[in-house]
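The analysis underlying the following values was restricted to heavy atoms, covering all of them including side chains, and did not include hydrogens, waters or symmetry mates. In what follows, chains are A, B, ... by sequence order, proteins preceding strands, each numbered from 1. Only a predicted model underlies this, so the values are computations on that prediction, with no experimental measurement involved.
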Number of protein chains: 2
Amino acid sequence: MTPQTPRTTPHTDALTLEVVELVGTVVARYHEEYEEAAAKHSLTGAQARVLALLSREPMPMRRIAQKLKCEPSNVTGIVDRLEGRGLVERRPDPDDRRVKLAAATEDGRETAGRLRASLNFAREPLAGLSAEERTTLRDLLRRMLGETP
Amino acid sequence: MTPQTPRTTPHTDALTLEVVELVGTVVARYHEEYEEAAAKHSLTGAQARVLALLSREPMPMRRIAQKLKCEPSNVTGIVDRLEGRGLVERRPDPDDRRVKLAAATEDGRETAGRLRASLNFAREPLAGLSAEERTTLRDLLRRMLGETP
DNA sequence: TATTGTTATACTCTATAACTATA
DNA sequence: TATAGTTATAGAGTATAACAATA
């Protein structure tokens, strides 16, 4: 079917371009809703990401920077602001006195939980798909991401 | 099938959570590669988005702000910087002297073209899917986005 | 009076470089 | 010496409010 599709440039045919555009739309909408959900809790996007990270487990400052793919110096300010609001605290690392472990406080974990709940609601479009369709989508996304289990 | 899935919370079952996480990964990777491609042309993400917009058609400043979902005052600075590099120019609107039309220059259109080419390369993971799989992915993404044609 | 674009201001995020305290 | 975190600095994006020109 559709034999006129050139095999030498498989990523520039009309179908692929349409999928690329759809992915772009998903990305845009995802980001809008993430920022919106963060703003409802008076958090910036970066602060929300760090808080979500720390709500799972405490982490050295350096590791946060790696997760965020930014310079370590930036993390200082972000954690400063979260700490100023009582959502995060800095603890010493017993094994290495150079390291500071950033950890979510009880209040921070609560906020992170509410944030995640509102995000899940934002992602609800998936509810429109049947279980079988979600399975198909999962497999296609996995393959797209290079996970070939 | 899978009747144990609670119908009251269809967006919190394990399958959906996995898809949500995969979508999150796609979003993260898409953004990384977009910023990276922009940086290769010495552009920030916002500048690249505006340039891509204007390479298609000239546009009032106000409309750029709507497309970017930001305040109009921000667009002034972004267009200033693009204009300072000769990629964009401001033209008067013949129909309304309050309006300034931002338009990509020849140089700007060229840069936007190279940017898009490098983006298509970045999105090449789609090439790993067959035409049929891409069609399926397209339809699922469409439905996820609420487009029901 | 309402709208368009701009300016002024303040805050956040970002990268770079230099500093400190540990290792 | 090498590493972890911080500080200092500068540039960019963001929202808000006030302004000039035009409708």
- Of A/Asp80 and B/Arg98, the one whose closest DNA chain D nucleotide lies more 5': A/Asp80
- Rounding to a whole Å, what distance do you find between B/Leu68:CG and D/dA12:P? 16 Å
- Query: Among C/dG5, D/dA23, C/dT7, which nucleotide sits nearest the side chain of B/Ser73?
  - Reply: C/dT7
- Query: Any sub-3.5 Å donor-acceptor pair from A/Arg143's side-chain atoms to B/Leu129's backbone N or O?
  - Reply: no
- Side-chain contact check for B/Arg62: nearest option of D/dG13, C/dT4, C/dT12 is C/dT4
- Message: Tell me the interatomic distance from B/Arg85, atom CZ, to D/dA12, atom C1', rounded to whole angstroms.
- Response: 13 Å
- Message: Can you confirm whether B/Arg91 sits close enough to B/Pro58 that some side-chain heavy atom of one is under 4.5 Å from a side-chain heavy atom of the other?
- Response: yes
- Task: Measure from the side-chain N and O atoms of A/Arg109 to the backbone N and O of A/Ala104, and report whether any donor-acceptor pair falls under 3.5 Å.
- Result: yes
- Check whether any side-chain N or O of B/Arg81 sits under 4.0 Å from OP1 or OP2 of D/dG13, and answer yes or no. yes
- Query: Within the side chain of B/Ser118, is there an N or O that forms a donor-acceptor pair under 3.5 Å with the backbone of B/Ala37?
  - Reply: no
- Query: Picking from C/dG5, C/dC13, D/dG5, which would you name as closest to the side chain of A/Ala46?
  - Reply: C/dC13
- For the pair made of NZ in A/Lys69 and P in C/dT14, what is the distance, rounded to whole Å? 13 Å
- Is the shortest distance from a Lys or Arg side-chain nitrogen in A/Glu32 or A/Arg29 to a carboxylate oxygen in the other one below 4.0 Å? no
- Could you check which of D/dA2, D/dG5, D/dA17 has an atom nearest any side-chain atom of A/Met61? D/dG5
- Item | Interatomic distance, B/Glu35 CD vs D/dG11 C1' [rounded to whole Å] | 15 Å
- Query: Starting at CG of A/Asn74 and ending at P of D/dT7, how long is that distance when rounded to a whole Å?
  - Reply: 13 Å
- Task: Select one nucleotide: of D/dT7, C/dT14, C/dT16, the one nearest the side-chain heavy atoms of A/Cys70.
- Result: C/dT14
- A/Ile78 has its side chain closest, among C/dT14, C/dT12, D/dG13, to C/dT14
- Message: I want to check one thing: is the phosphate of C/dA21, taken as OP1 and OP2, less than 4.0 Å away from some side-chain N or O of A/Arg97?
- Response: no
- Message: Measuring to OP1 and OP2 of C/dT6, would you say a side-chain N or O of B/Arg90 lies under 4.0 angstrom away?
- Response: yes
- Check every strand shown and say whether B/Asp96 touches a base, only sugar-phosphate, or nothing at a heavy-atom separation below 4.0 Å. sugar-phosphate
- May I ask you to verify if any side-chain N or O of A/Lys100 is less than 4.0 angstrom from the OP1 or OP2 atom of D/dT6? yes
- Note on the structure: The answer to which of B/Val99 and A/Gln47 contacts DNA chain C further toward the 5' end, by nearest nucleotide, is B/Val99
- Gap between atoms CD and C1', on A/Gln66 and D/dG5 respectively (whole Å): 13 Å
- Query: Taking B/Arg85 for the side chain and B/Ser42 for the main chain, is one N or O donor matched with an acceptor at less than 3.5 Å?
  - Reply: yes
- Atom-pair distance (CD on B/Glu71; C1' on C/dT7), nearest Å: 15 Å
- Distance, rounded to the nearest Å, where B/Ile64 contributes CD1 and C/dT4 contributes P: 14 Å
